[in-house]
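What follows is a set of notes on a single structure, which appears directly below.
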Amino acid sequence: MRVRFILFVFLICWPLKPLLSAQVDLQSEELENFLVITDRDFYLSGDRIWFAAKLLKNHDSYRYSKLAYIAVLDGSGKPIHEEKMLMTGQDMVYGDVFIPETAQSGVFAIVVYTKWMSNYQDFPIAKKEFLVTNPTATRAEGEPALFWEKIPFANASVSLYHTSSQAEVIEIQDLSGNTLEVLESVAPWQKVLSKVKPSGSYRIIFRNREHRIYPQGWFWDPAEFALISNLTAQKVKVVTHKDWTVLEELEADGGKTQLNKTLYQNLDSFMISVVDDSGRLVWTYQAQLPATSQGQLQVSSKGEVGEGMKLDLTGFPQQYKSGLVMAVREENARVSEFVEILNHPNWESLTSKNTKPNLVAALDDIVENPRLLKDYSPMFDYKVWSVSIADRFKSSAAPARVGFALPTTLIEEEIDRRVYQEHFEIGDEVASLQSPFTPDRVYKLEDYEEFSDLESLIKEIIPQVRLKKTSSGGGKEIFAANTDNQHVKFNKKPLVLIDFYRPASLDELWNIDLTTLDRIELYYHRSTVEATNLGEAVGDGLLVLYTKNNSYFLKNNVPKQRYFLSDVSVPRIQDYSNRMVKVATANPLQYLDPSLTFERGKSRAENLRFDTAGDWVVQTWLFGNSEFEKLQRKIEVEP
């Protein structure tokens, strides 16, 4: 009898399982995701992509990922570059990737994710799509795409956009085939606004193909700051969120669902997701809010080639602790608008029918059991790990399948830029390695040119380090200060690295050419050593020598087995520190500073210089723990 009763209760409760899973308090989950940035929206095959990514999270706990997995996908969705990178102390990664010379024209993408995100099927990992054109075959394969903008205002009109190489006729019909509107000679790469309202179902005829649009049943009312629905019989849950934090969870039984407006005051956008009682995503929309800035970006609107320009960021609240500054050439407006549409969640391609990932839907679909932990444990506890992006992050890895043909004049401008780059050997520049940690002391070698060898420099300039003869008397060993108590002793042997490679012996260290060194970083305090996240291997401290342009590795052909971080890369940025100023180099990226720090709401970027005349855009991203803000200014640089 007891067994029957238990079985009866089980059968009754089983249908409730999806409902119970949908009732999980998403706001208690420790979520994280990246914001990914590229220096341009349009590249030629063979170009170098400079990228940066910032990890944003909804908690202050130390339990967040320290590794970023980065992949560049070509127009067919195939990875052409993959690497695992250690994040900086500001929870950032940045670096460069070359697009192969043989790459075919198409919509490419860079995705950045963590191991923890693969616990969930189709987690909305950070993704940035951009255009790549091969000068020998400029037309991207595939049919021209037709996009429409999802605007759930009750009286809004339908916006359309297409990528055909010529003007097209677009007809809008009702489901019975009656013509509602004919848009004649719709120019390519240009938004057009129809007169049809989205309240009913209709068909769109584009290039003799039919695409059907159905009413969503949900309307966003920005004036009331509420979600309105006429589906009164459907019981659903409304969740508002970003891709790294949940803002509100509300039960909705139809009619009006009122949001708490005070929670959204400092946001420029947020997602609205509606799920039914089984956890299935019913409807989603990104609500746009008036752009607000809590501080100011101050930079001159005009400058001259080679002239230093002062850039100040002031008036920002205390939650902004780091930032990024990037100066790029102003791109063609049509390209920028096209890429914006590709990356905007409210613009959908009617041609490809690709689904887009959603945080709330992903959190309801756990695929790893037990769950993979976040990479916050000591470095040498990490295991080799890989994942099939196409399987685990299906929507993010799906190719755009958008055919397009850029104007010839625009491609010729890019080819001219490439010729200038090759002429001035800009493409041969090597990235400078950046420390992913915050050291106790940094010694820049340009300040100590009077020393002829490393041994004398360490003896005279670095008091936290002592040199002692070996027991055999044939060489010298390095000891770092032990500051664990009030009596400082030099009894710790730090791990010594050159560009994160282990030297074959200390003799190799002492014989290094001092003119090739850029800086020396020293880690000796207990708390600093622990913060490096490298485990017991650096328990006695860390001494890292960085060469200019990573020359130690390149010139000595150092074997991979001596690379200390195993299969993990460190952040790297382009090195402009010692470059001679030239009048015209057509350099696409003049300045990249990924290490802005704020003090009392202020930050200053020095040495903002340009070696090319023209129109530029200075872009700044300011980061807090769970929020960010983007500001930009156009400047004119004169010869």
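We're numbering straight along the sequence, starting at 1. Only this structure's heavy atoms are used, side chains among them; waters, hydrogens and symmetry mates stay out.
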Distance-only side-chain donor-acceptor flag, S626 / T245, under 3.5 Å:
no
Hey, does the side chain of H81 reach the backbone of I70 with a donor-acceptor pair shorter than 3.5 angstrom?
no
Under 3.5 Å, is there a donor on one side chain and an acceptor on the other for E32 and T114?
yes
Main chain of P124, side chain of N33: is a donor-acceptor contact present, judged purely on distance under 3.5 Å?
yes
NZ or CZ of R334 within 45° of F338 ring axis and under 6.0 Å
no
Roughly how far, to the nearest 0.5 Å, is OG1 of T240 from CD of E248?
5.0 Å
Are the charged groups of K127 and E129 less than 4.0 angstrom apart, N to O?
yes
Please check if any side-chain donor atom of H241 sits under 3.5 Å from a side-chain acceptor atom of E249, or the reverse.
no
Salt bridge flag under 4.0 Å for residues E414 and R40
yes
Test item: side-chain donor near acceptor, S395 and D122, under 3.5 Å:
yes
Residues E307, R609: salt bridge by 4.0 Å N-O rule
no
Starting at CD1 of I272, measure out to CZ of F270 and round the result to the nearest 0.5 Å.
4.5 Å
Just by distance, no angles: are the side chains of K191 and S159 close enough, under 3.5 Å, to form a donor-acceptor pair?
no
Can you confirm whether the side chains of Y320 and E629 place a donor and an acceptor under 3.5 Å from each other?
yes
Pair D74 + K78: basic N to acidic O under 4.0 Å:
no
Closer than 4.0 angstrom, basic N to acidic O: yes or no for E210 and R212?
yes
Got a salt bridge between R418 and D47, using NZ or NE/NH1/NH2 to carboxylate O under 4.0 Å?
yes
Can any side-chain N or O of S176 pair as donor or acceptor with the backbone N or O of N178 at less than 3.5 Å?
no
Please check: side-chain N/O of E181 versus main-chain N/O of T179, any donor-acceptor pairing under 3.5 Å?
no
